[in-house]
Amino acid sequence: MAEKILIFDFGSQYTQLIGRRLRELNVYCEIHPYNKTVALDDSVKGVVLSGSPYSVREADAPQLNLQPIKGRLPLLGVCYGAQYLAHHFGGAVQRSDSREYGRAQLSVKDADSPLLKDVATNSQVWMSHGDTITALPHNARVIASTADVDNAAFAITGEPTYGLQFHPEVYHSTEGMKILQNFVKDVCGCRCDWTPESFIENTVNALKDTLGNDKVVLGLSGGVDSSVAAMLLHHAIGANLHCIFVDNGLLRKNEFAEVLESYRDMGLNITGVDATVDFLSALVDVSDPEKKRKIIGRMFIEVFDREAYKIENVKWLAQGTIYPDVIESVSVHGPSATIKSHHNVGGLPDRMNLRVVEPLRSLFKDEVRRVGMALGMKPELLRRHPFPGPGLAVRISGEVSKEKVAILQEADAIFITGLRTANLYDRVWQAATILLPVKSVGVMGDERTYESTIVLRAVTSTDGMTADWARLPDDFLANVSNDIINKVKSVNRVLYDISSKPPATIEWE
C-alpha cells in the first residue's frame with residue numbers, strides 16, 4: 001500500500017507549500033480541509049496541521065478532532081497547528097506583546113530530538129504570527145527557541161507529537177527542509193520512494209484496470225497538463241485514446257500545425273480540427289473580456305462535442321486537472337466563486353453522458369513536468385509557457401478580428417523567437433504580447449504614420465499566484481522593439497509592461 005502524509009488545512013497561505021516540500025522529499029501527501037472526514041488507514045504515516053489566519057483564542061477558530069490522531073500517529077503542528085496543540089492540551093496561547101513576522105534565529109535546545117537531528121544549532125527561520133505559546137502542556141518540553149519566542153519548537157513526551165511556531169516550508173527557513181525530512185523519515189518512518197517513475201507505473205496500471213478496453217476522448221490544448229495526461233493514457237490504452245486538437249484561430253503563429261505534428265511524433269491518435277471561421281464569426285463586435293471568454297468556451301464545447309460524437313462507443317472524457325484545481329474546489333473557504341470558463345472542458349460530461357478520468361489530479365504543476373520528463377517527452381513541450389485557454393482573444397484588448405489576430409501573431413512570434421534565441425525563454429515563467437485598441441502618431445521614412453501599439457509582457461513566477469516583471473536586458477528589448485516595428489505592418493510603437501502581480505494580473509484581460 002502506498003504511504004502518505006495527511007495535511008489538514010486551516011486556511012494558511014502556505015499550506016500548498018507544505019505539500020510541495022513534502023513531495024520534493026519523495027513523499028506522497030494529501031491536503032484536506034480541517035472540517036473534512038478523512039479515513040486514517042494503514043497508508044497514513046503521519047499528519048501535519050497547517051497554519052491559519054485565525055487565532056486559536058477566537059470563538060469561531062477552526063476545530064479538529066485529534067483524538068484518532070494524537071499519540072497514535074506522528075503529528076506535526078505548524079504555526080497555528082502548534083498553537084492549536086498547546087491551547088487544546090493544557091498549555092496557553094496569548095496575544096504576543098510584539099508580533100513576530102519575518103526572519104528570526106532559531107536556537108536548538110535539544111539536539112537529540114528526532115525532529116531536529118543534524119539541524120544547525122543556530123539557523124534562520126521564518127515567523128508569521130500574532131499569538132504566541134506562553135505555556136506548554138504539562139507533558140511537553142521546549143526543543144528550540146528564538147530571541148523573542150521561548151517555545152518556538154516543542155515535543156510531547158512519550159509520543160511523536162511536535163509543534164513549530166515558525167514555517168519550515170518557506171525558503172527563508174534555511175534548515176526547514178531538513179526539519180521536514182526528519183519528520184517524514186525519522187519520525188514517520190516513510191520510505192520516500194514516491195518518484196515520477198513510481199507515479200507513472202502506478203498510474204498506468206490503475207488506468208488499465210479502470211478503463212479496460214473502453215474508449216476515451218481527450219481535448220488537447222498544446223499545453224503541458226493535457227499533453228502529459230495524454231501520454232499516460234496512451235501508455236495505458238494505446239489507440240483507444242482519441243485526442244482532439246481544436247484550432248480556434250486564436251493560437252500563436254503556426255502553432256496548430258507545429259503542435260499537431262509534435263503530437264503525431266509522440267504516437268498519439270489525434271484529430272486536428274480547424275474551427276477558425278466558427279470562433280472568429282462568433283466574436284464579431286464583442287469587446288467585453290468575460291463575454292469573449294464565455295463565447296470561446298461555448299464554441300469549444302460545441303466543436304469538441306461535434307467531433308467527439310464521430311467516435312463510436314466512447315465511455316470516458318479525460319481531463320488535465322491538476323492538484324491545485326482539486327484543492328481549490330474543496331478549500332477551507334468553500335468552492336471557488338468563479339470557475340474560469342476556459343479551464344478543462346466544463347459542461348461536457350453531463351451532455352455526453354461520459355465518465356471523467358483525470359490522471360494528473362494528484363500532481364502539482366512542477367510534478368507534471370517531471371512526470372513528462374520521465375515519460376521521455378520533448379523538453380521544449382514540457383517547458384512551454386502557460387497560454388490562456390481563450391488564446392490571443394484575451395491579448396487583443398477590445399474587439400477581435402482576423403486582421404488583429406494576424407498582427408498579434410506576427411509580433412508575438414518575434415518576441416517568443418527572440419527570447420529563445422537569446423536563451424531567455426527558460427528564465428521567464430510566461431511571456432505575452434498584447435495588442436492595444438490605441439493608435440499613435442509615428443514617423444517612418446518621411447511619412448507620418450498613425451498605427452497600433454504593442455505591449456510586451458514577461459514575468460517570473462513559480463505558480464502564477466504572484467509574479468514579478470522580468471528584468472530583460474535593455475539591448476534585447478530594443479532589438480525586439482525594432483524588429484516588431486520594422487516587420488509587422490500597422491505597428492509603430494512598442495511598450496514593456498513593468499507591473500507585478502499583485503496589483504496587476506499576468507494577462508491583461
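The figures here come from the full heavy-atom set of this structure, side chains too, leaving out hydrogens, waters and symmetry mates.
Between Glu24 and Arg20 there is no salt bridge, since no side-chain nitrogen of the basic residue lies less than 4.0 Å from a carboxylate oxygen of the acidic one. Remark: Arg420 does not engage Asp426 in a salt bridge, criterion side-chain N to carboxylate O under 4.0 Å. Salt-bridge check for Arg361 with Glu358: passed, with a basic side-chain N closer than 4.0 Å to an acidic carboxylate O.
Between the side chains of Gln124 and Gln105, no donor-acceptor pair of N or O atoms lies under 3.5 Å. Between the side chains of Thr146 and Asp148, no donor-acceptor pair of N or O atoms lies under 3.5 Å. A donor-acceptor pair shorter than 3.5 Å cannot be found between the side chains of Tyr34 and Ser50. With 3.5 Å as the limit, one finds a donor-acceptor pair spanning the side chains of Arg493 and Ser440. Side-chain contact, Tyr28 with Glu30: a donor N or O sits under 3.5 Å from an acceptor N or O.
Partners of Trp194 according to the side-chain hydrogen bond (donor to acceptor under 3.5 Å, both in side chains) rule, which considers only residues two or more places apart in sequence or in another chain, do not exist here. Here Asp468 pairs with Arg471 under the salt bridge (Lys or Arg N to Asp or Glu O under 4.0 Å) rule; sequence neighbours left out. For Lys489, there are no salt bridge (Lys or Arg N to Asp or Glu O under 4.0 Å) partners two or more places apart in sequence or in a different chain. Annotation: ring-ring contact (aromatic ring centres under 6.0 Å, His included) contacts of Trp469 (sequence neighbours excluded): none. In this structure Lys253 satisfies the side-chain contact (heavy atoms from CB on, under 4.5 Å) test together with Gln409, Glu410, Ala413, sequence neighbours excluded. Qualifying side-chain contact (heavy atoms from CB on, under 4.5 Å) partners for Arg370, counting only residues two or more places apart in sequence or in other chains: Pro196, Asp366, Glu367. Looking at residues two or more places apart in sequence or on another chain, you find no ring-ring contact (aromatic ring centres under 6.0 Å, His included) involving His235. With sequence neighbours excluded, no residue satisfies salt bridge (Lys or Arg N to Asp or Glu O under 4.0 Å) with Arg427. Listed by chain and residue number, Asp265 satisfy the salt bridge (Lys or Arg N to Asp or Glu O under 4.0 Å) test with Lys378 (two or more places apart in sequence, or in another chain).
Taking the six-membered ring where the residue is Trp, the centroids of Phe10 and Tyr80 are separated by under 6.0 Å.
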Can I get a per-line list of side-chain donor-acceptor pairs under 3.5 Å for residues 240-249, giving both atom names and the distance, sequence neighbours left out?
residue: Asn240; atom: ND2; partner: Asn213; partner atom: O; Å: 3.2
residue: His242; atom: ND1; partner: Asn269; partner atom: ND2; Å: 3.3
residue: Asp247; atom: OD1; partner: Gly249; partner atom: N; Å: 2.9
residue: Asn248; atom: OD1; partner: Leu250; partner atom: N; Å: 2.8

Donor-acceptor pairs are to be reported for all side-chain atoms of residues 274-281 against protein atoms at under 3.5 Å, with residues two or more places apart or in another chain.
residue: Asp274; atom: OD1; partner: Thr276; partner atom: N; Å: 3.1
residue: Asp274; atom: OD1; partner: Thr276; partner atom: OG1; Å: 2.7
residue: Ser281; atom: OG; partner: Val277; partner atom: O; Å: 2.7

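Aromatic ring pairs are classed by plane angle as parallel below 30°, tilted from 30° to 60° and perpendicular above 60°; the pair Phe8 and His32 is tilted.
Sorted by first then second residue, the ring pair (Phe, Tyr, Trp, His ring centres under 6.0 Å) pairs that include residues 477-497, not counting sequence neighbours, number zero.
A side-chain donor-acceptor contact under 3.5 Å links Ser221 to the backbone of Gly223.
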Item to check | Steps toward side chain to side chain contact (heavy atoms under 4.5 Å, CB included) verdict (Leu49, Val78) | outcome: CA-CA 6 Å; Leu49 307 180; Val78 176; over 6 Å; no

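If you run side chain to side chain donor-acceptor pair (under 3.5 Å) between Gln430 and each of Arg457, Arg384, Glu507, only Glu507 comes through.
Phe300 is not listed as a side-chain neighbour of Ile295, based on a closest heavy-atom distance of 4.5 Å or more. Leu456 places none of its side-chain heavy atoms less than 4.5 Å from the side chain of Leu495.
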